[in-house]
**Student:** 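This is the structure I have questions about; it appears just below.
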Amino acid sequence: MPIHNADIAAIFEEIADLLEIQDANPFRVRAYRNAARAMGELGRDVKSLLEHDGKLPKLPGIGTDLDAKIHEIVETGKCALLERLHKELPPAITELLKIPGLGPKRVKALYHDLDVQTLEQLLRAARDGRIRALHGFGEKTERNILDAIESHINQARRFKLVVAAQYADTLITYLGKASGVKRVVVAGSFRRMRETVGDLDILVTADADSKVMDHFTAYDEIAEILSHGPTRSSVVLKSGLQVDVRVVNEESYGSALHYFTGSKSHNIAVRKLALARGLKINEYGVFKGQTRIAGETEESVYHTVGLPYIPPELREDRGELEIARAGHLPHLIELADLKGDLHAHTKATDGRNTLKEMALAAKAMGFEYLAITEHSRHLTVAHGLDPQRLVKQIDEIDRLNEELQGVTLLKGIEVDILEDGSLDLPDSVLARLDLVVGAVHSQFALSRTKQTERILRAMAHPYFTILAHPTGRLIDQREPYDVDMLRIIREAKKRGCYLELNAHPERLDLLDTQCQMAKEEGVLVSINSDAHNTLDFSNLRFGIGQARRGWLEKQDVLNTRTLKALLPLLKATM
DNA sequence: GCCGTTTTCGGCCCGACTGTTTTCAGTCG
């Protein structure tokens with residue numbers, strides 16, 4: 001069985017769960033969770049790294065023991081510690097931890113006292129009223145467990161950023177209407193621009209006598225109130241989205257925003273820095289003994305631990321603290337840096353608007369240029385262009401450009417990369433274009449080797465300019481196809497072509513860690529809307545968020561270039 | 001299990017809310 005990073009991460013997570021149920025040292029448990037996270041986020045494939053170099057680079061949180069376990073898993077596909085734990089505890093028991101309200105202590109009690117090992121057994125025990133009899137459990141806990149199991153089955157897991165944004169906008173307006181409310185801001189993974197969010201974390205500053213929590217829990221989209229306190233409340237909306245609201249007074253705004261934005265591991269790292277300086281950080285401020293020394297702004301919090309302000313998108317404990325301390329934080333790209341968009345469709349294929357309407361919408365975005373890149377004939381469902389229709393569009397664009405003021409349409413194509421790596425249109429017509437965007441739209445299940453070779457062969461084509469949505473994943477719908485992204489990026493560097501970060505909210509493809517990889521290898525990324533109508537340009541903000549999570553700066557992005565600077569870059573091949 | 005501008009041993013972020021308890025453990029973020 002091929003071992004991927006995610007497999008190693010899953011093994012470490014399971015070990016952490018089982019150790020926790022065994023009441024092991026919580027810091028040992030954390031070490032395994034950190035290692036799982038490190039594996040999940042690593043931009044390089046561990047197996048191929050080991051095959052190539054024979055050892056792993058030094059990774060934070062991976063010491064001698066975990067390093068040996070990674071070797072063991074890669075070489076044998078198994079981990080002796082996990083096998084031992086499986087003998088000591090029933091394997092399915094980690095499923096029980098997924099039930100909200102059940103942590104390791106309660107799972108352990110349920111197993112020892114009631115021999116509950118599976119969700120089915122848990123359900124039966126709750127229905128029979130056996131749980132309430134356990135020490136530390138009661139009638140209400142039993143009821144909650146029962147409810148949680150039932151909703152666990154058809155529970156919505158994570159929400160795409162674009163969907164969460166819609167709920168956030170209306171809720172912010174609603175909360176702002178409560179008396180005494182000063183500021184309402186969404187923190188959490190939403191503010192860090194993660195591609196999906198599990199819940200909305202909203203921070204409110206308000207006068208001490210504000211009734212904002214009562215106002216919040218009276219919101220008419222609420223399906224269930226999970227908790228309701230004076231400073232913190234949690235609810236589930238009818239949509240299934242959980243919302244947590246936290247209220248602090250105005251002087252704690254910065255420290256509370258920092259705390260509530262996370263990520264959890266970033267916060268832990270910052271608080272450790274504070275400890276080393278004899279300081280304590282909590283959501284109310286930074287304290288030296290009993291004295292509060294900072295907290296009005298996030299800048300003030302970072303300042304107390306000797307750091308500059310770190311943008312939310314970087315707060316993932318992926319080395320940002322060290323880089324910040326050294327004064328080398330990137331100046332992250334912003335939406336206003338984009339000078340154009342290099343991937344868009346019109347009515348000629350599966351888009352909704354005309355060439356002119358798209359051009360004017362791009363101009364309204366402040367863009368100098370917009371590339372029209374229709375699908376090619378192989379993608380019949382999208383009414384892809386054959387050579388004749390593409391030539392016709394080329395002529396139309398030439399005519400329209402003479403008429404347009406302040407914006408230029410570029411002639412392109414989103415050409416299908418066929419299974420053998422050839423392109424879906426002949427050279428004779430591709431030669432007439434300003435750029436060729438290549439895309440995989442079929443045969444997603446090829447082996448890693450074949451899929452990689454297919455894409456490399458397409459990129460070797462002299463007219464190839466940009467690889468569209470390089471992993472092919474659709475968030476929550478379709479897994480990425482299996483490719484060696486590092487090889488693709490290195491080949492792009494050699495060939496002088498580029499990778500797309502597709503900003504469509506269902507794609508957000510390249511992934512953030514792959515953006516970092518492209519940057520390290522010196523390959524420019526093109527942040528494109530893949531617009532199918534004039535409104536889709538607004539999705540670029542999600543692409544910008546993803547790019548910022550990938551540490552990209554203005555100079556790392558192809559379409560921050562002016563038209564004049566861009567054109568030679570599009571022509572640079574081989 | 002990891003790690004070191006006090007350290008190779010002894011620490012490891014910090015607080016709110018719930019439910020069960022009668023002063024606090026467990027869970028969560």
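By convention in this document, chain letters (A, B, ...) are assigned in the order of the sequence lines, proteins followed by strands, and residues within each chain are numbered from 1. Please read all numbers here as calculations on a predicted model, not as lab measurements.
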**Student:** Give me the distance, rounded to whole Å, that separates B:dG1 from B:dT5 when you measure between the C1' atoms they each carry.
**Tutor:** 24 Å

**Student:** Which nucleotide in the set B:dG1, B:dC12, B:dT21 lies at the smallest distance from any side-chain heavy atom of A:His135?
**Tutor:** B:dT21

**Student:** When you measure from the centre of the six-membered ring of A:Tyr284, is the NZ or CZ of A:Arg292 under 6.0 Å away and within 45° of the axis?
**Tutor:** no

**Student:** Return no unless some side-chain N or O of A:Ser234 is found under 4.0 Å from OP1 or OP2 of B:dG29.
**Tutor:** no

**Student:** Starting from P on B:dC13, measure out to CG on A:Asn34 and report it in whole angstrom.
**Tutor:** 10 Å

**Student:** Roughly how many Å apart are B:dT8 and B:dG19, using the C1' atom of each and rounding to a whole number?
**Tutor:** 43 Å

**Student:** With rounding to the closest Å, how many angstrom separate the C1' atoms on B:dT20 and B:dA25?
**Tutor:** 9 Å

**Student:** Taking atom P in both B:dT21 and B:dG26, compute the distance separating them and give it to the nearest angstrom.
**Tutor:** 12 Å

**Student:** In plain terms, say whether A:Arg191 and A:Glu298 are close enough for a salt bridge, that is, a side-chain N and a carboxylate O under 4.0 Å apart.
**Tutor:** yes

**Student:** In terms of side-chain heavy atoms of A:Leu275, which of B:dC14, B:dA16, B:dG26 is nearest?
**Tutor:** B:dC14

**Student:** Between B:dT6 and B:dC12, how far apart are the P atoms? Round to whole Å, please.
**Tutor:** 15 Å

**Student:** Hey, which of A:Arg473, A:Arg549, A:Arg507 is the one that makes side-chain hydrogen bond (donor to acceptor under 3.5 Å, both in side chains) with A:Glu195?
**Tutor:** A:Arg473

**Student:** Look at A:Lys69 and B:dG1 and indicate whether a side-chain polar atom (N or O) is within less than 4.0 Å of OP1 or OP2.
**Tutor:** yes

**Student:** Donor-acceptor pair, distance only, cut-off 3.5 Å: does the side chain of A:Gln242 make one with the backbone of A:Asp199?
**Tutor:** no

**Student:** From the options B:dG1, B:dC3, B:dC17, select the nucleotide whose nearest atom is closest to the side chain of A:Ala31.
**Tutor:** B:dG1

**Student:** Starting at atom CZ of A:Phe137, determine the distance to atom P of B:dG19, rounded to an integer number of angstrom.
**Tutor:** 14 Å

**Student:** Could you check A:Thr141 against A:Asp67 and say which one's nearest nucleotide on DNA chain B is further toward the 5' end?
**Tutor:** A:Asp67

**Student:** Between B:dT18, B:dC2, B:dC12, which one does the side chain of A:Lys272 approach most closely?
**Tutor:** B:dC12

**Student:** Looking only at atom C1', what distance separates B:dG10 and B:dG15, rounded to whole Å?
**Tutor:** 24 Å

**Student:** Please compare A:Gly101 and A:Asn25 by the position of their nearest nucleotide in DNA chain B and report the one closer to 5'.
**Tutor:** A:Asn25

**Student:** Under 3.5 Å, is there a donor-acceptor pair between the side chain of A:Arg548 and the main chain of A:Ile333?
**Tutor:** yes

**Student:** Rounding to a whole Å, what distance do you find between A:Lys280:NZ and B:dC12:P?
**Tutor:** 13 Å

**Student:** In whole Å, what is the span from the CZ atom of A:Arg246 to the C1' atom of B:dC17?
**Tutor:** 10 Å

**Student:** If only side-chain N and O atoms of A:Arg271 are considered, is one of them under 4.0 Å from the OP1 or OP2 phosphate oxygen of B:dC13?
**Tutor:** no

**Student:** Choosing from B:dG29, B:dC28, B:dC13, which nucleotide comes nearest the side chain of A:Arg232?
**Tutor:** B:dG29

**Student:** Rounding to an integer number of Å, can you tell me how far A:Ile281 CD1 sits from B:dC13 P?
**Tutor:** 12 Å

**Student:** Taking the P atom in each of B:dC9 and B:dC14, what is the distance between them to the nearest angstrom?
**Tutor:** 25 Å

**Student:** Figure out the CD/P separation between A:Glu139 and B:dT21, and round it to whole Å.
**Tutor:** 12 Å

**Student:** Check whether NZ of the Lys or CZ of the Arg A:Arg315 lies under 6.0 Å from the centre of the six-membered ring of A:Tyr309 and within 45 degrees of that ring's axis.
**Tutor:** yes

**Student:** Does a donor on one side chain and an acceptor on the other come within less than 3.5 Å for A:Arg194 and A:Ser189?
**Tutor:** no

**Student:** Rounding to an integer number of Å, can you tell me how far A:Asn267 CG sits from B:dG15 C1'?
**Tutor:** 12 Å

**Student:** Counting the atoms with a prime plus P, OP1 and OP2 as sugar-phosphate, which does A:Lys140 contact under 4.0 Å by heavy atoms, base, sugar-phosphate, or nothing?
**Tutor:** sugar-phosphate

**Student:** For nucleotides B:dT18 and B:dT7, find the distance between their P atoms and express it as a whole number of Å.
**Tutor:** 44 Å

**Student:** Could you work out which one of B:dG1, B:dC12, B:dT27 sits closest to the side chain of A:Tyr32?
**Tutor:** B:dG1

**Student:** Which part of the nucleic acid does A:Pro26 contact within heavy-atom distance under 4.0 Å: base, sugar-phosphate only, or nothing?
**Tutor:** nothing

**Student:** May I ask you to verify if any side-chain N or O of A:Tyr259 is less than 4.0 angstrom from the OP1 or OP2 atom of B:dA16?
**Tutor:** no

**Student:** From B:dG19, B:dC12, B:dC17, pick the nucleotide closest to the side chain of A:Asn144?
**Tutor:** B:dG19

**Student:** If you check every side-chain atom of A:Asp201, which of B:dG29, B:dC14, B:dG1 has the closest atom?
**Tutor:** B:dG29

**Student:** Could you tell me the separation between the CZ atom of A:Arg30 and the P atom of B:dC14, rounded to a whole number of Å?
**Tutor:** 10 Å

**Student:** Between B:dT20 and A:Lys105, is there an OP1 or OP2 to side-chain N/O distance shorter than 4.0 Å?
**Tutor:** no

**Student:** Is there a Watson-Crick or G-U wobble partner for B:dG19 with both distances under 3.5 Å, and which nucleotide is it?
**Tutor:** B:dC24

**Student:** Please classify the nucleic acid contact of A:Arg106 as base, sugar-phosphate, or nothing, using heavy-atom distances under 4.0 Å.
**Tutor:** sugar-phosphate

**Student:** Using 30° and 60° as the class limits, which term best fits the ring planes of A:Tyr174 and A:His215: parallel, tilted or perpendicular?
**Tutor:** parallel

**Student:** Under 4.0 Å, heavy atoms only, any strand: does A:Leu66 hit a base, just the sugar-phosphate, or nothing?
**Tutor:** sugar-phosphate

